[in-house]
A.B. asks: 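Mind having a look at this structure? Questions to follow.
All chains are named by letter (A, B, ...) in the order of the sequence lines, taking the proteins before the strands, and each is independently numbered beginning at 1.
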Protein chains: 2
Amino acid sequence: MSKGSSERKVAQVKRGGGVSHVYETLRNEIIDLKLAPGSPIDETELSERFSMSRTPIREALVRLSAEGLITALTNRTTVVSNIDFVQLGAFFDALTLMYRVTARLAAQHYDESDLAVIREHQASFSNAVHAGDVLGMIATNRDFHLAIASAGRNKYYTDLFRRLLDDGRRILRLYYHSYDDNLPRQYVAEHDHMISAMIARDVETSDRLATEHADQIVRQIRSYISADSRSTSSITF
Amino acid sequence: MSKGSSERKVAQVKRGGGVSHVYETLRNEIIDLKLAPGSPIDETELSERFSMSRTPIREALVRLSAEGLITALTNRTTVVSNIDFVQLGAFFDALTLMYRVTARLAAQHYDESDLAVIREHQASFSNAVHAGDVLGMIATNRDFHLAIASAGRNKYYTDLFRRLLDDGRRILRLYYHSYDDNLPRQYVAEHDHMISAMIARDVETSDRLATEHADQIVRQIRSYISADSRSTSSITF
DNA sequence: CATTCTCATCTTGTCGACAAATAAAATTCA
DNA sequence: TGAATTTTATTTGTCGACAAGATGAGAATG
């Protein structure tokens with residue numbers, strides 16, 4: 001713009017690769033609450049930040065909008081979607097059901113490669129817990145459960161579960177300062193039990209353990225919300 | 001382009017309204033199989049057809065891609081997604097579960113306005129059945145069940161259910177020529193029973209009826225597929 | 001005659017610019 | 001002073017054009 005012709009494009013990785021980069025970057029920032037709910041998103045600003053035209057930026061935003069992570073008001077500025085506390089009950093309901101269903105299906109359909117991936121994520125989660133890395137816990141926990149869902153071989157459940165876990169990440173991120181110290185260790189053990197039941201191809205036990213795990217997490221989040229004074233101030237508009 | 005300056009834009013409805021028009025038009029054409037699975041989608045061609053630039057066309061395509069209705073290969077032409085017969089078991093599984101869950105929740109949470117909408121769609125379905133309008137049946141049946149899902153007040157379930165019902169529309173559309181004559185009438189009766197159970201707020205009966213209804217539909221589709229010789233030739237990709 | 005390389009053409013991905021719509025600021029009028 | 005209205009400015013939606021990558025035809029070579 002100002003420097004002239006010599007500066008082409010620094011990190012023009014691939015033709016079409018910039019879009020997914022913007023998409024994933026923004027997606028992570030939204031889920032990790034680096035972009036606060038309700039904060040406006042300026043296309044021109046992003047265009048400068050990623051040093052690319054508004055067109056690919058726009059495409060990434062459309063994708064995020066389709067996922068419900070941002071809300072696009074026509075002709076007005078688009079904003080980061082709010083965390084919908086009104087639908088919290090629906091969230092817990094669906095989350096619990098997906099925990100159960102994916103655990104059942106994983107016990108039925110998993111193969112050795114699935115198991116390897118699951119164990120890997122469980123190890124990462126365990127590491128994050130012992131290191132006291134709360135953000136790592138939240139992320140690796142999500143990956144662990146998503147790996148179980150993948151082993152279940154049902155894309156419909158996997159897709160919904162991913163959406164739920166990501167919404168959950170945002171909520172947990174909001175309350176992570178009060179993240180308890182002993183609960184994560186318990187989660188590690190519960191994960192191990194779930195893996196054992198899956199290996200035994202024991203559908204009913206897998207279901208039961210998943211239910212308990214889900215109930216535990218729901219209870220945890222509920223207690224955070226009721227204990228935290230911010231819960232009311234976060235309910236915007 | 002050639003005529004000069006006098007022709008501006010004929011149906012420039014609203015600024016930003018063209019995108020959703022393209023989106024919905026293409027969406028319906030894909031679901032109704034007017035656009036065959038695997039058929040290529042040319043942006044320039046659509047640009048001429050809707051008499052607008054490629055930019056809004058592209059935005060609609062990104063949305064459809066996010067929904068999984070079209071598959072975009074980078075730098076290559078995008079195609080209408082295939083009906084995934086490999087995942088058919090997963091489809092039936094998720095469909096049945098959503099029938100059950102939404103019926104349960106509707107019995108718990110519906111209000112009078114929901115009931116009115118549901119009855120309206122049921123009437124439309126009934127009309128389509130008596131008129132022998134197969135395409136109308138498929139569409140109104142979808143709307144009926146989606147209305148029940150809405151009454152359940154859980155956006156996660158509603159969104160997944162919509163996706164499932166639309167995938168189901170494509171499959172039914174593929175086999176509609178063998179659509180049986182007496183089954184639809186039975187469906188009308190089953191729908192009425194489901195409404196009655198909902199009004200009685202009887203969760204367990206709603207669940208049971210939904211399960212039976214789902215099993216019936218799954219059985220129907222399965223019989224079509226096994227009876228139809230096209231089932232193998234349609235497995236493209 | 002088959003195979004590989006080259007080149008032309010076509011489609012997509014990206015860009016800069018302009019127009020419409022909205023939000024903000026300034027001005028006028030009661 | 002305050003409310004209504006005009007003006008300005010910012011931001012989004014759309015456009016036409018160009019460049020990168022891909023597809024396919026035809027030439028060249030073995």
A.B. asks: Checking the side chain of A/Thr78 only, and the main-chain atoms of A/Thr71 only, is there a donor and an acceptor separated by less than 3.5 Å?
C.D. replies: no
A.B. asks: In this structure, how many angstroms lie between the C1' atom of C/dT14 and the CD1 atom of A/Ile57, rounded?
C.D. replies: 12 Å
A.B. asks: In whole Å, what is the span from the CG atom of A/Asn75 to the C1' atom of D/dT10?
C.D. replies: 13 Å
A.B. asks: Return the value, rounded to whole Å, for the distance between atom CZ of A/Arg54 and atom P of D/dT12.
C.D. replies: 7 Å
A.B. asks: Report the residue (B/Thr55 or B/Thr77) whose heavy-atom-nearest nucleotide on DNA chain C is the more 5′ of the two.
C.D. replies: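 Upstream on the strand: B/Thr77.
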A.B. asks: Mind calculating the distance between CZ (B/Phe50) and P (D/dT14) to the nearest angstrom?
C.D. replies: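 About 14 Å, once rounded to whole Å.
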A.B. asks: What is the distance, rounded to the nearest whole Å, between atom CD of A/Glu59 and atom C1' of C/dT12?
C.D. replies: 11 Å
A.B. asks: Starting at atom CG of A/Leu73, determine the distance to atom P of C/dA23, rounded to an integer number of angstrom.
C.D. replies: 9 Å
A.B. asks: Under 6.0 Å from the CZ atom of A/Arg104, do we count more than 12 heavy atoms belonging to anything else shown?
C.D. replies: yes
A.B. asks: Does any N or O in the side chain of B/Asn154 come within less than 3.5 Å of the main-chain N or O of B/Tyr156, such that one atom is a donor and the other an acceptor?
C.D. replies: yes
A.B. asks: Taking atom P of D/dT14 as reference, at what distance in whole Å does atom NE2 of B/His21 sit?
C.D. replies: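 The distance from NE2 of B/His21 to P of D/dT14 comes to 13 Å, rounded to the nearest Å.
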A.B. asks: Does A/Arg15 make a side-chain N or O approach to OP1 or OP2 of D/dA19 shorter than 4.0 Å?
C.D. replies: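 No, no such contact exists.
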A.B. asks: Please confirm whether the shortest side-chain N or O distance from B/Arg76 to OP1 or OP2 of D/dG21 is below 4.0 Å.
C.D. replies: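 For D/dG21, neither OP1 nor OP2 has a side-chain N or O of B/Arg76 closer than 4.0 Å.
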A.B. asks: Grab the CG-C1' distance between B/Asp42 and C/dC10 for me, whole Å please.
C.D. replies: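 Those two atoms, CG and C1', are 9 Å apart.
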A.B. asks: With a non-hydrogen cut-off below 4.0 angstrom, is A/Ile41 in contact with a base, only sugar-phosphate, or nothing?
C.D. replies: sugar-phosphate
A.B. asks: To check you understand the geometry: which heavy-atom pair defines the closest contact between B/Ser53 and B/Ile57, and what is its length?
C.D. replies: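 That closest heavy-atom pairing would be O-CG1, 3.3 Å.
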